[in-house]
Amino acid sequence: MTTLAQEPYEHEGTADRPGGYATHDVVNQPPPAAPYDASEDAALLEGLRREDAGWAEEGLRRLGLRAGSAQAQEWGELANRHEPVLRTHDRYGNRVDEVEYHPSWHHLMSVAVGEGLAASPWADDRPGAHVARTAGGLVWGHTEAGHGCPTSMTYAAVPALRRQPELAKVYEPLLTSREYEPGLRTPAEKRGLLAGMGMTEKQGGSDVRTNTTSAAPTAEPGVYTLRGHKWFTSAPMCDVFLVLAQAPGGLSCFLVPRVLPDGTRNTFRIQRLKDKLGNRSNASSEPEFDGTVAWLVGPEGQGVKTIIEMVNCTRLDCVTSSATLMRKTLVEAGHHVRHRSAFGARLIDQPLMRNVLADLALESEAATTLTLRLAGAADRAVRGDAGEAAFRRIATAVGKYWVTKRGPAFTAEALECLGGNGYVEESGMPRHYREAPLLSIWEGSGNVNALDVLRALGRSPETAHALFGELALARGADARLDAAVARLETGLTTASETGARRLVELMALTLQASLLVRHAPPAVADAFCASRLGGDWGHAFGTLPDGADLGGILGRALPGDG
């Protein structure tokens with residue numbers, strides 16, 4: 001009989017198990033997903049070509065490999081693990097109001113700005129320049145979402161700033177630069193600038209007309225001093241901010257630099273950083289203005305009209321970020337089920353899991369396709385296409401409402417594909433899940449966007465013509481789509497605030513379906529119309545009808561698993 005003392009200790013190992021620890025053998029776990037190609041997405045690449053940006057494909061593919069690299073994925077993880085830190089004072093007691101970021105944040109920002117994901121399209125005359133930027137966001141966003149906030153606001157600031165040409169002449173070349181140069185210095189001495197915005201206040205949120213921050217004119221024309229407190233000002237280390245404040249002539253828009261032209265710090269007292277649900281790599285702050293120097297952008301009293309173009313741009317980026325999260329979490333779920341087995345078979349081969357993944361793939365492709373169509377409309381609107389401008393006006397609000405609403409449910413289902421493995425922080429899925437609700441809240445909640453659609457229909461009838469003109473391009477291709485468009489036409493005659501969400505949802509689904517019917521393979525278009533428009537669907541992902549071509553859908557979304 002062998003005594004305990006005679007048995008080898010586990011840590012001593014055995015001849016056939018040099019390390020010992022038999023209970024720690026790891027089997028039936030997927031390998032790391034990285035490296036992978038974040039641009040390997042048929043819907044993305046087809047949309048890029050279709051929306052006049054095929055010239056950007058080579059660069060996008062290069063960026064996709066970089067986004068999916070182990071290094072870039074680690075940057076995203078580290079930037080969220082090591083959150084920004086506020087330093088209100090230096091060691092001597094001087095007020096500095098600076099935010100320190102982990103080096104990974106700066107690596108992410110450097111690539112994003114260098115790849116043209118900030119404001120560079122405004123300096124690019126090529127058709128499709130704005131589409132190329134959106135496609136780049138759909139790919140580079142596979143790293144993490146927080147650093148997309150300052151790049152988005154920088155992009156969006158340019159059209160608003162153009163309302164004041166003399167300011168645009170000074171700042172636009174630096175905002176459109178591809179040079180990322182962090183740190184607070186005199187703007188004119190830097191190679192590139194970032195822009196933020198300060199719109200909301202604690203008493204009003206989206207109701208910016210209730211703002212109380214005041215703007216007093218100085219003896220110098222166009223120069224004011226601000227006094228007040230902003231509630232949700234992201235990326236406080238940006239170089240300049242577009243801010244709303246009450247001037248003598250009403251709510252107005254102002255440019256506020258962190259550092260004044262003479263090199264002195266402008267008053268920008270950061271009271272605290274927000275302790276947020278997600279988006280934690282990105283600092284969101286509450287700054288106080290007290291004698292803060294600001295330059296008027298646009299006429300007094302037209303602050304909302306001036307800054308609304310900025311909002312239109314950032315709303316598109318909300319749609320883009322939601323579509324990116326969908327694609328990223330679908331890729332993660334697909335990778336897991338491809339390498340994990342249960343009950344005698346790989347998860348990817350089990351019928352019900354295939355239904356779940358195919359359903360998610362439909363939602364992801366619809367979101368990506370709509371995002372690129374919106375980017376194409378924005379690109380053509382900038383170049384003077386009135387019809388595309390009208391379509392953009394209504395469709396961006398529709399897309400912002402619907403795609404961002406679908407994000408949280410989507411990421412939750414993708415997380416569940418990993419089971420308990422997806423519920424732990426190391427998987428990255430909890431970070432994506434916490435990120436998803438932000439996109440529906442940022443730049444107007446669901447109600448704000450739904451009511452904005454009604455406002456557009458009432459004030460600008462050409463927007464309805466543009467929307468139905470787009471839907472008409474798919475007329476006759478699918479009876480379920482035709483019936484849904486007819487219901488939408490009827491719904492417009494009885495549109496009300498109470499039913500706004502229901503109406504906008506139908507707009508979004510018919511618009512997505514029309515795009516898929518025209519541009520996606522039959523397996524995708526048929527399953528989408530059957531489930532989203534034809535009623536052959538349940539109340540959760542994974543309830544596609546038995547006749548759906550799951551193999552065709554999965555083979556397109558996750559190559560190698562059709």
Side-chain angles (χ1 to χ4, degrees), residues 42-52 131 358-359 361-377 380 385-399 401-403 406 453 456-457 460-495 502-537 543-553 555-557:
L44 167 67
L45 296 174
E46 291 168 9
L48 182 78
R49 300 168 195 140
R50 189 168 56 245
E51 299 296 341
D52 300 323
V131 178
D359 211 350
L362 287 180
E363 196 75 30
S364 176
E365 175 152 353
T368 297
T369 303
L370 177 57
T371 298
L372 291 168
R373 176 66 184 93
L374 296 177
R380 289 182 281 275
D385 188 322
E388 286 291 87
F391 175 78
R392 176 200 184 199
R393 169 68 182 90
I394 191 168
T396 299
V398 168
Y401 171 81
W402 182 243
V403 176
R406 299 298 291 156
V453 172
L457 292 170
S460 306
E462 67 273 14
T463 60
H465 297 313
L467 177 64
F468 281 102
E470 180 77 14
L471 297 176
L473 297 175
R475 183 181 295 132
D478 189 286
R480 295 158 299 196
L481 174 57
D482 290 343
V485 173
R487 293 197 302 274
L488 179 59
E489 291 174 329
T490 300
L492 287 182
T493 64
T494 58
R502 189 180 182 95
L503 178 68
V504 175
E505 177 179 319
L506 184 57
M507 286 181 178
L509 291 173
T510 54
L511 182 53
Q512 287 182 322
S514 71
L515 291 168
L516 295 180
V517 164
R518 290 159 54 201
H519 305 303
V524 172
D526 180 70
F528 189 90
C529 289
S531 55
R532 274 64 170 176
L533 298 179
D536 198 356
W537 201 29
T543 55
L544 294 176
D546 285 344
D549 183 359
L550 304 184
I553 298 168
R556 176 174 171 81

- Query: Stepwise, does the side chain to side chain contact (heavy atoms under 4.5 Å, CB included) test hold for L503 with L488?
  - Reply: CA-CA 7 Å; L503 178 68; L488 179 59; 3.7 Å; yes
- Task: Could you give me the CA-CA distance, side-chain angles and deciding distance for V131 and D52, then say whether side chain to side chain contact (heavy atoms under 4.5 Å, CB included) is met?
- Result: CA-CA 8 Å; V131 178; D52 300 323; 6.0 Å; no
- Message: For H519 and V524: C-alpha separation, side-chain torsions, deciding distance, then whether side chain to side chain contact (heavy atoms under 4.5 Å, CB included) applies.
- Response: CA-CA 10 Å; H519 305 303; V524 172; over 6 Å; no
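With hydrogens and angles ignored, the 3.5 Å screen pairs no side-chain donor or acceptor of T493 with any backbone N or O of E489. Side-chain atoms of T368 do not come within 3.5 Å of backbone N or O of E365 as any donor-acceptor pair. A donor-acceptor pair under 3.5 Å is formed between the side chain of T510 and the backbone N or O of M507.
Counting heavy atoms from C-beta on, the side chains of D385 and F391 never come closer than 4.5 Å. Contact of the L509 side chain with the F528 side chain is registered, since non-hydrogen atoms from C-beta on lie closer than 4.5 Å. In this structure, R532 and E363 have side chains that are in contact, with non-hydrogen atoms separated by less than 4.5 Å. Contact annotation: the side chain of R475 approaches that of D482 to within less than 4.5 Å [non-hydrogen atoms, C-beta and beyond]. Side chains of W402 and Q512 form a contact here, defined as non-hydrogen atoms less than 4.5 Å apart. In this structure, L362 and I553 have side chains that are in contact, with non-hydrogen atoms separated by less than 4.5 Å. Residues T369 and L516 have side chains in contact (heavy-atom distance under 4.5 Å, counting atoms from C-beta outward). Between R393 and S460, the closest side-chain pair of non-hydrogen atoms is not below 4.5 Å.
Looking at every heavy atom in both residues, A377 comes nearest to E388 through CA-OE2, 3.4 Å. Heavy atoms only, all atoms of each residue included: A530 and P545 are closest at CB-CG, 4.4 Å. Annotation for A527 and S531: closest pair O-OG, 2.7 Å, computed over non-hydrogen atoms. Looking at every heavy atom in both residues, A358 comes nearest to L550 through CB-CD2, 3.7 Å. The two atoms that bring A42 and R556 nearest to each other are CB-NH1, 3.6 Å, heavy atoms only.
Going from atom CG of L44 over to atom CG of L372 covers 6.0 Å, rounded to the nearest 0.5 Å. Here CZ of R373 is found 10.0 Å from OG1 of T396. Values are rounded to the nearest 0.5 Å. Rounding to the nearest 0.5 Å places CG of L374 at 4.5 Å from CG of L370. Here L481 contributes atom CG and C529 contributes atom SG; the two are 5.5 Å apart, rounded to the nearest 0.5 Å. To the nearest 0.5 Å, the span separating CG on L511 from CZ on F468 amounts to 11.0 Å.
The 12-atom threshold is exceeded at CZ of R487, counting heavy atoms of other residues, nucleotides or ligands nearer than 6.0 Å.
Ionic pairing of D478 and R518 is not present here: no N-O contact between side-chain nitrogen and carboxylate oxygen is shorter than 4.0 angstrom.
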